[in-house]
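Counting starts at 1 for both ligands and their atoms, following the listed order.
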Amino acid sequence: MKKIGIIGSGAVGKALGKGFLKYGYDTTIASRSEEKRAALITEIGGSIKTAGFSETAKSAEIIILAVKGSIARNVIEQCGIENFSGKTVIDTTNPIADSPPQNGVLKYFTSLENSLMEDLQSMNTKAHFVKAFSSVGSSLMVDPNFDGLKPGMFICGNNEDAKKEVQTILLKFGWEVEDMGMAEAARAIEPLAMLWCIPGMREGKWSHAFKLLKK
Ligand SMILES: NC(=O)c1ccc[n+]([C@@H]2O[C@H](COP(=O)([O-])OP(=O)(O)OC[C@H]3O[C@@H](n4cnc5c(N)ncnc54)[C@H](OP(=O)(O)O)[C@@H]3O)[C@@H](O)[C@H]2O)c1
């Protein structure tokens with residue numbers, strides 16, 4: 001199994017860190033702060049490793065990007081763009097604007113003609129970005145329990161082998177995979193997080209996931 005490097009120590013980084021360890025992956029999670037890194041070892045437990053951004057990106061064979069959308073470009077630069085070359089990058093980020101939500105609807109800094117993932121892919125042409133985990137809460141990312149019903153994870157990206165790698169991970173983590181095609185599909189997938197958050201923002205309900213019904 002490939003070595004996992006998680007760039008981001010927030011709720012998503014921690015949830016996926018626990019998940020990758022559970023499924024036997026050699027996993028490193030990154031933070032800029034030594035203090036935070038020590039806390040992550042206690043919080044995540046198991047055999048989790050920690051390191052700085054560039055060290056984590058360099059040693060990883062699959063990179064998970066789990067930072068605030070508005071700083072994602074900057075974080076990739078801090079990691080070293082060359083450390084992404086040839087690797088699958090699981091992009092969990094959403095382009096959430098700093099302005100407050102309106103009646104429970106998040107605001108985005110992208111438009112329907114461009115997505116954050118396309119922007120990140122264009123600055124890293126040798127990396128293989130795959131959008132995943134962006135439209136569900138961190139507590140449901142690994143082994144989501146809906147009484148035996150598997151929810152669907154929407155993914156997209158330009159590299160078929162990278163998407164196959166992500167599909168293998170998602171199947172282990174308890175998801176059905178809905179491949180929506182090339183990177184442009186992120187224009188539709190990223191706004192699903194707006195929809196996912198509305199019941200939470202309006203009614204405090206955060207325990208749901210999407211599923212595509214098919215005949
Ligand atoms: N929370 C969810 O349930 C959820 C669900 C789906 C998708 N998402 C998306 O997933 C992404 C991660 O969300 P999150 O809530 O886990 O984490 P977050 O709080 O958005 O980000 C945490 C990480 O951002 C880094 N960071 C903050 N400011 C920075 C800066 N100026 N330069 C470099 N790094 C900086 C922190 O690094 P240090 O450790 O060094 O401080 C930390 O690792 C977001 O794009 C979010 O929209 C979240």
If we set the cut-off at 4.0 Å for heavy atoms, which region of K36 has an atom near ligand 1: side chain, backbone, both, or neither?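 K36 to ligand 1: side-chain contact only, backbone stays beyond 4.0 Å.
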Is it the case that one hydrophobic cluster holds both I29 and I63, taking links as side-chain heavy atoms less than 4.5 Å apart, direct or via other members?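 The answer is no; the residues belong to distinct hydrophobic clusters.
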Do you reckon V105 sits in the same ILVMFWY cluster as Y108, going by side-chain contacts under 4.5 Å, direct or chained?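 Yes, it is one cluster - the side chains of V105 and Y108 are joined through contacts under 4.5 Å.
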Just jot down the ligand 1 atoms closer than 4.0 angstrom to any heavy atom of [X], in number order.
| X | value |
| --- | --- |
| S31 | 38 (P), 39 (O), 40 (O) |
| G69 | 45 (O) |
| G137 | 3 (O) |
| V75 | 33 (C), 34 (N) |
| I96 | 47 (O) |
| G8 | 43 (O) |
| I71 | 26 (N), 27 (C), 28 (N), 29 (C), 30 (C), 34 (N), 35 (C) |
| F133 | 6 (C), 7 (C) |

Identity and separation of the nearest protein heavy atom to [atom]:
| atom | answer |
| --- | --- |
| atom 9 (C) of ligand 1 | T92 O, 3.3 Å |
| atom 17 (O) of ligand 1 | G10 CA, 3.8 Å |
| atom 5 (C) of ligand 1 | V136 O, 3.1 Å |
| atom 30 (C) of ligand 1 | R32 NH1, 3.2 Å |
| atom 46 (C) of ligand 1 | N94 N, 4.2 Å |

Basic-acidic side-chain contact under 4.0 Å: [X], [Y]:
| X | Y | result |
| --- | --- | --- |
| E160 | K163 | yes |
| E178 | K211 | no |
| D98 | K68 | yes |
| K87 | E165 | no |

Taking the minimum heavy-atom distance to atom 11 (C) of ligand 1, which of V67, D91, L65, V12 ranks first?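 That would be V67.
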Report the member of S138, S9, A11, S134 with the shortest heavy-atom distance to atom 39 (O) of ligand 1.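 Among S138, S9, A11, S134, the closest heavy atom to atom 39 (O) of ligand 1 comes from S9.
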Which residue is it: K2, K49, K3? I am looking for the one with a side-chain hydrogen bond (donor to acceptor under 3.5 Å, both in side chains) to D26.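 Considering K2, K49, K3, a side-chain hydrogen bond (donor to acceptor under 3.5 Å, both in side chains) with D26 is found only for K49.
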Any K14 heavy atom less than 4.0 Å to ligand 1: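 Distance cut 4.0 Å: K14 fails for ligand 1.
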Heavy-atom gap I7 to ligand 1 smaller than 4.0 Å: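 Contact absent.
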Exam field: side chain K131 to backbone G157, donor-acceptor pair closer than 3.5 Å: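 Looks like no, no N/O pair under 3.5 Å.
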Is atom 19 (O) of ligand 1 touching the protein, meaning some protein heavy atom lies under 4.0 Å away?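 There is no protein heavy atom less than 4.0 Å from atom 19 (O) of ligand 1.
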Answer yes or no: is there a side-chain heavy-atom contact under 4.5 Å between E184 and S115?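 No; the side chains remain at least 4.5 Å from each other.
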Is there a side-chain contact between F173 and M141 (heavy atoms, below 4.5 Å)?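 They are not in contact (no side-chain heavy atoms under 4.5 Å apart), so the answer is no.
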How are the rings of F20 and Y25 set to each other: parallel, tilted or perpendicular (split at 30° and 60°)?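 Rings of F20 and Y25: perpendicular, as their planes differ by over 60°.
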Verify side-chain hydrogen bond (donor to acceptor under 3.5 Å, both in side chains) between S85 and E82, making sure each step is shown before the conclusion. CA-CA 5 Å; S85 289; E82 66 286 359; over 6 Å; no
